[in-house]
Each structure stands twice: as structure tokens, then as C-alpha cells.
Amino acid sequence: MKKKLKLLSALYICCVLALIPFCWQVSLIMFIVFVLMGFIGGGMLLANKMYLKTNHWKNQFLFEKNFISNVGYRDNLGRNFEIVNLGSNPALFGFFYEKVRGQNWATGSQGFPMDFEILKYYHSYIREGGYVLIPIMPFSSISNFLETRPDYWSDSYYLKFTKILDWTQAKKLPNYSKLKLKIRFPVVFNPKLIYYILHDVAPDNRLQIADQTMQAAELEYDAKRWIKSWMNEFAVKKYEDFWGEKFNQYFESGVKMLSDMIDFCLYRNLKPVIITIPMSSYLAKEFTPEFRQKMITDFVNKANVKDVKFLDYMFDERFTRAELFTGSFFLNLKGRKMFTQQVLTDLGF
């Protein structure tokens, strides 16, 4: 990038100098434009450097510390994990490994395709015979549908994976060339981000919250808000639409991907475990028995042809108390520790 800019600048100056004998006025104007562009470009690069130090930028990549770099790996002792988990936000807020060598490889919004890519790149950090927790969320079975919804799986979704995946994987992401530049120069692509240099946001400390922050009425509203959000996300109007013909191909695609992840683990002498994560009673009651059967049970049964362990805690009453959550969906630190300890106990740790 820098070499290209230097080359273009040199060519531009040569053109300016070449025009002087023929039309010095044009040459002067071109020179003034060049200087102005230099000031603007320099200002943008300075602003970009300042923005990269803001909480607004850093908050988007807090998970990055959980992914060990291959750089200097022979001296890197952070390997041989006994247990890791994949998954999206419920998994990010679901696991806390205190007494075992474990790592949380959830990044927030994260569908099966990115689960698999992370597993492919980082599996060598897991010891032989180690556990790989593959979380199933309410809509995991049809999450591939969101590839058709650029408002949800857009550049902002793929950007974080550009940072943590190997370049041979990252280059297959949509708009990879653009993403690679956006990681380095976010302000150049969106000058409005300069606002956060002057008015930064607070550090994201949600993973440190150990108490419920909502009252009962707020929890009821929050649960319904999640349902409405999912219906908008998948463009449906009622529960039955989720297992309608519209989603058949995505359901089958999800079955294949989960089955492939299981095979990938077994081939490498890892122990895959399909797992669901608890939700509060306020949110759990919004899901009908038919939804649970078709979107969770039927999906797992169809994909789990190798009959690996399946731990289902999604509606487990031991973990549905509101005090264990922040809002109606994500476990707080207290709930996270309690839940993880039960998972480890059930796995024989």
C-alpha cells in the first residue's frame, strides 16, 4: 500500500514538472492540489491512528485475546487445551474455565461456517483427546440463511474473522481485499468514526457483570424484544415459518456442517460435544414445545449420526433463574461460572 502511494506520488510530480515548460499555470494548480491532498491524506492517517486506540474500536475485538497467535509458536506455551468451545454470543457469555485448561473461541455473532473455520485453524492448540464444545443456539440449524441477508452478515460481521483466521482462509471471505484494508484504515472507509476520537465510548465490561441488571417487567420486555429481533432477522411472521419450505435447504446445510465438524474432530482424535446453553425462564417460555423439537432436537438427531455426546441445558431449570443472567439471554459471570462447572462435571473433569 505504501509503495503504491509513493509510486503514484512520484509519477504525479513527474507530470507536474513535465508540464511546466508548456503550461506553468496548469502545473501550479496540479502542485497545489497535490499539496492539499497530502495534507488531507496525512490528516486522515493521523485520525486513523488515533481512532485505533479508542474503546469504540477495541470493544469490537475483545475476544481476540482468546486466540493465540502462531507467531513464534515454538516459544508459545499457551497450547494443549483440555477443552475449548465455539459459538456465538450465548457461548461467549456462557463459558468460564477456572480449574481446567480451557479457552473460549466464541467471538459474538458467529455462525456455523465461521465456527468451522476457527476450528480448522486453531485445532492444533487442543491436546489429543481434548473436548470441543459445539454450541447449538435456537436458530443454529438455519443460520446459513443469513448469508442471504447482507444487513446481518455484512463487512462488519466478517471483519473480525479477518483478524483471527489464517490468510488462506480469510481470503475466501466476501470482500476480503476490502476487509483487509478496513482493518488497517477504518477511518478512511468511514470518516464518521472520527467522532469517537473526541467522544469515545466506555470500555465493554459486560463479561465482568456478575448480577442481574433488569427488573421483572424489563426482563419480560427484553425476552419479547429478542423474539421480535429474530423474526425480523429471518424475515418470518410466526414460529411455524421457521421450519417451513423456505428454510429447508439451510436446515440441510446446517445438518451437513455440524456433521462435518463432528467428523473433523473425531478424525483428529478430539472429542466433539454438542451442547446447548441455558436461557432465562423469561425467554425460555417464549419457545413452544414444537419449536424445541423441530429446531433443536430434530436437528441434532439428524446431524449426530456418529452419536457423540449431546448435553442439552437450554431449558434446564437449574440454570433458568433470572439472577444468573444479564438480561433474559446471556449468563452473567456468576451464572457463567456455575454453568461451566456443571458442564465440566458432566464431562468427567
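Bear in mind that the values here come from a model prediction, so they are computed numbers and not experimental data. Counting from 1, the numbers follow the sequence of the chain as shown.
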Full working for side chain to side chain contact (heavy atoms under 4.5 Å, CB included) between Leu258 and Phe299
CA-CA 9 Å; Leu258 176 55; Phe299 172 66; 3.8 Å; yes
Taking only distance into account, with no hydrogens and no angle test, what donor-acceptor pairs under 3.5 Å do side-chain atoms of residues 209-219 form with protein atoms, sequence neighbours excluded?
unit_1: Gln212; atom_1: OE1; unit_2: Met214; atom_2: N; d: 3.1
unit_1: Gln212; atom_1: OE1; unit_2: Gly327; atom_2: N; d: 2.9
unit_1: Gln212; atom_1: NE2; unit_2: Ala322; atom_2: O; d: 2.8
unit_1: Gln212; atom_1: NE2; unit_2: Phe325; atom_2: O; d: 3.0
unit_1: Gln212; atom_1: NE2; unit_2: Gly327; atom_2: O; d: 3.1
unit_1: Glu218; atom_1: OE1; unit_2: Gln215; atom_2: N; d: 2.7

Asp241 and Lys246, any side-chain heavy atoms less than 4.5 Å apart:
no
Tell me whether Arg184 contacts the main-chain N or O of Leu179 through its side chain, where contact means a donor paired with an acceptor under 3.5 Å.
no
For the residue pair Phe61 and Trp57, is the inter-centroid distance of their aromatic rings smaller than 6.0 Å?
yes
Side-chain donor/acceptor of Asn144 to backbone N/O of Pro113, under 3.5 Å
no
Please name all residues satisfying salt bridge (Lys or Arg N to Asp or Glu O under 4.0 Å) with Glu252, sequence neighbours left out, ordered by chain then number.
Lys302
Taking all atoms of both residues into account, what is the closest heavy-atom pair of Leu159 and Lys182, and its distance?
CD1-CB, 3.9 Å
Between Gly111 and Tyr157, what is the shortest heavy-atom contact and its length?
N-OH, 2.9 Å
Within the 4.5 Å heavy-atom criterion, are Ile118 and Phe161 side-chain neighbours or not?
yes
Compute both the distance and the angle, then confirm whether Lys337 meets the cation-pi test with Phe96: under 6.0 Å from the six-membered ring centre, within 45 degrees of the axis.
yes
Tyr97 to Gly102 - nearest heavy-atom pair and separation
CD1-C, 3.6 Å
Please answer whether the main-chain N or O of Lys120 pairs with a side-chain N or O of His123 as donor and acceptor at a distance below 3.5 Å.
yes
Got a donor-acceptor contact below 3.5 angstrom from the Asn269 side chain to the Glu128 backbone?
no
For Cys265 versus Leu119, what's the shortest heavy-atom pair and its separation?
SG-CD2, 3.8 Å
Go through the steps for Ser280 and Ser328 under the test side chain to side chain contact (heavy atoms under 4.5 Å, CB included), then give the verdict.
CA-CA 5 Å; Ser280 74; Ser328 63; 3.6 Å; yes
With a 4.5 Å cut-off on side-chain heavy atoms, are Leu133 and Ile83 touching?
yes
Phe330 and its ring-ring contact (aromatic ring centres under 6.0 Å, His included) partner, picked from Phe339, Phe95, Phe93:
Phe93
Value rounded to 0.5 Å, distance of CE in Met314 from CG in Asp312:
7.0 Å
Criterion ring pair (Phe, Tyr, Trp, His ring centres under 6.0 Å) on Phe287 and Trp226, from CA distance to verdict
CA-CA 11 Å; Phe287 292 97; Trp226 275 109; over 10 Å; no
For residues Ser140 and Pro135, report the shortest heavy-atom separation together with the two atoms involved.
OG-O, 4.2 Å
Find the distance between CZ (Arg292) and CG (Asp298) and round it off to the nearest 0.5 Å.
14.0 Å
Approximate separation, where rounding is to 0.5 Å, of Met50 CE and Ile197 CD1:
5.0 Å
Lys334: what forms a salt bridge (Lys or Arg N to Asp or Glu O under 4.0 Å) with it, not counting sequence neighbours?
Glu323
Side-chain heavy atoms nearer than 4.5 Å, only ILVMFWY residues, links allowed to pass through others: does that put Leu92 and Met137 together?
no
Indicate yes or no: at least one non-hydrogen side-chain atom of Lys160 is less than 4.5 angstrom from one of Gln60.
no
Full working for side chain to side chain contact (heavy atoms under 4.5 Å, CB included) between Tyr158 and Tyr176:
CA-CA 9 Å; Tyr158 290 109; Tyr176 169 66; over 6 Å; no
Could you check whether any side-chain N or O of Asn332 sits under 3.5 Å from a backbone N or O of Gly335, counting only pairs where one atom can act as donor and the other as acceptor?
yes
Sub-3.5 Å donor-acceptor pair from the side chain of Asp115 to the main-chain atoms of Gly87, do we have one?
yes
So if I apply the side chain to side chain contact (heavy atoms under 4.5 Å, CB included) rule between Val273 and each of Val132, Ile134, Leu311, Asn85, which one comes out positive?
Leu311
Look at the side chain of Thr345 and the backbone N and O of Gln341, then say whether any donor-acceptor pair between them is shorter than 3.5 Å.
yes
Residues, nucleotides or ligands: over 12 heavy atoms within 6.0 Å of Lys285 NZ:
yes
Can you tell if the side chain of Leu331 reaches within under 4.5 Å of the side chain of Pro278, non-hydrogen atoms only?
yes
Locate the shortest heavy-atom distance separating Pro186 from Leu52; write the atom from each residue and the value.
CG-CD2, 3.8 Å
Between Met338 and Arg321, is any pair of side-chain heavy atoms under 4.5 Å apart?
yes
Please confirm whether the backbone N or O of Gly130 pairs with a side-chain atom of Glu82, one donor and one acceptor, at under 3.5 Å?
no
Any donor-acceptor N or O pair under 3.5 Å, side chains Thr320, Glu317
no
Neighbour count above 12 (heavy atom, 6.0 Å) for Phe349 CZ:
yes
Is the ring pair Trp105/Phe81 parallel, tilted or perpendicular, if the boundaries are 30 and 60 degrees?
perpendicular
Value rounded to 0.5 Å, distance of NZ in Lys256 from CZ in Phe112
13.0 Å
Under a 3.5 Å distance rule, please check whether Asn104 uses its side chain to pair with a backbone N or O of Ala91 as donor and acceptor.
yes
Would Leu270 and Val343 show up in the same hydrophobic cluster when neighbours are defined by side-chain heavy atoms closer than 4.5 Å?
no
Between Glu233 and Arg149, is there a salt bridge with N-O shorter than 4.0 Å?
no
Cut-off 3.5 Å, side chains only: do Tyr122 and Asp166 have a donor facing an acceptor?
no
Would you compute the distance between atom OH of Tyr195 and atom NE2 of His56 and round it to the nearest 0.5 angstrom?
10.0 Å
Do Leu344 and Leu333 sit in one hydrophobic cluster, given that two such residues count as connected whenever their side-chain heavy atoms are within less than 4.5 Å of each other, even indirectly?
no
Could you see if Tyr131 belongs to whatever hydrophobic cluster contains Ile275? Use Ile, Leu, Val, Met, Phe, Trp, Tyr and a side-chain cutoff under 4.5 Å.
yes
CG (Asn232) and NZ (Lys237) are apart, to the nearest 0.5 Å, by 11.0 Å
Leu86 reachable from Val100 in the ILVMFWY side-chain graph, under 4.5 Å edges
no
Flag the pair Met114 / Leu173 as yes when at least one side-chain heavy-atom distance between them is below 4.5 Å, and no otherwise.
yes
Using the ring-ring contact (aromatic ring centres under 6.0 Å, His included) rule, pick out the option among Phe247, Phe291, Tyr250 that qualifies with Phe139.
Phe291
Please confirm whether the backbone N or O of Lys178 pairs with a side-chain atom of Asn175, one donor and one acceptor, at under 3.5 Å?
no
Do Tyr239 and Glu290 have side chains that get closer than 4.5 Å, going by heavy atoms?
no
Centroid-centroid distance, Phe116 to Phe264, less than 6.0 Å:
yes
